[in-house]
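A quick write-up on the structure given underneath.
By convention here, the first residue in the shown sequence is residue 1.
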Amino acid sequence: MKTYDELKAMTTEDLICYVLELQEKSELKERQSDCFYKQLKSVECEYNSFKNAIKSILELTGKDENI
């Protein structure tokens, strides 16, 4: 993070390069965040499927008193 004085001392070309660099970093973080969220949802879906399968097995065997 640059200070106000550092930014003020930069040329227009330097500021443009700095903004483009920050935009690129921001887009990368957004893509990583989206990827993480999709993986989390996938694991959550698999967990729920497994949980429901176990629940169904317990119901079929008559051992569902504590579900």
Side-chain angles (χ1 to χ4, degrees):
M1 186 80 127
K2 296 193 180 285
T3 66
Y4 177 80
D5 292 331
E6 289 173 326
L7 292 171
K8 194 160 175 114
M10 292 174 81
T11 65
T12 303
E13 292 81 19
D14 290 339
L15 287 171
I16 291 171
C17 288
Y18 186 61
V19 167
L20 292 173
E21 178 186 330
L22 291 175
Q23 283 179 329
E24 188 177 312
K25 286 180 181 180
S26 175
E27 290 170 358
L28 176 62
K29 292 287 183 188
E30 187 176 348
R31 284 193 304 272
Q32 289 173 336
S33 179
D34 287 346
C35 183
F36 175 78
Y37 179 76
K38 287 176 185 175
Q39 288 175 337
L40 176 66
K41 284 306 203 182
S42 174
V43 169
E44 183 181 32
C45 183
E46 289 176 22
Y47 167 77
N48 285 332
S49 295
F50 178 72
K51 180 179 74 172
N52 290 335
I54 296 296
K55 223 178 192 181
S56 295
I57 291 170
L58 290 174
E59 288 173 2
L60 287 173
T61 60
K63 302 193 182 212
D64 60 345
E65 300 91 20
N66 296 324
I67 296 179

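Qualifying side chain to side chain contact (heavy atoms under 4.5 Å, CB included) partners for Ser26, counting only residues two or more places apart in sequence or in other chains: none.
Put simply, the side chain of Ser42 never gets that close to the backbone of Lys38: no donor and acceptor are under 3.5 Å apart. Ser33 places no side-chain N or O within donor-acceptor distance of the main-chain N or O of Lys29, the cut-off being under 3.5 Å. Within the 3.5 Å criterion, the main-chain N or O of Thr3 finds a donor-acceptor partner in the side chain of Glu6.
Contact check for Lys51 versus Ile54: no side-chain heavy atoms found under the 4.5 Å cut-off. The side-chain heavy atoms of Met10 and Leu7, taken from C-beta on, include a pair separated by under 4.5 Å. Under the 4.5 Å side-chain criterion, counting only non-hydrogen atoms from C-beta, Arg31 is not in contact with Cys35.
Here salt bridge (Lys or Arg N to Asp or Glu O under 4.0 Å) pairs that include residues 18-27, with residues two or more places apart or in two chains, are Glu21-Lys25.
Put simply, CZ on Phe50 and CG on Asn52 are 11.0 Å apart, with the number rounded to the nearest 0.5 Å. Atoms CD and OH, on Glu44 and Tyr37 in that order, are 8.0 Å from each other to the nearest 0.5 Å. If you take CG on Leu60 and NZ on Lys55, they are separated by 13.5 Å, rounding to the nearest 0.5 Å. Of the inter-residue distances, the one linking Gln23 atom CD with Leu28 atom CG reads 13.5 Å to the nearest 0.5 angstrom. Here the CG-NZ distance, from Leu15 to Lys8, works out to 11.0 Å after rounding to the nearest 0.5 Å.
Side-chain contact annotation: Thr11 with Asp14, donor-acceptor N/O pair under 3.5 Å present.
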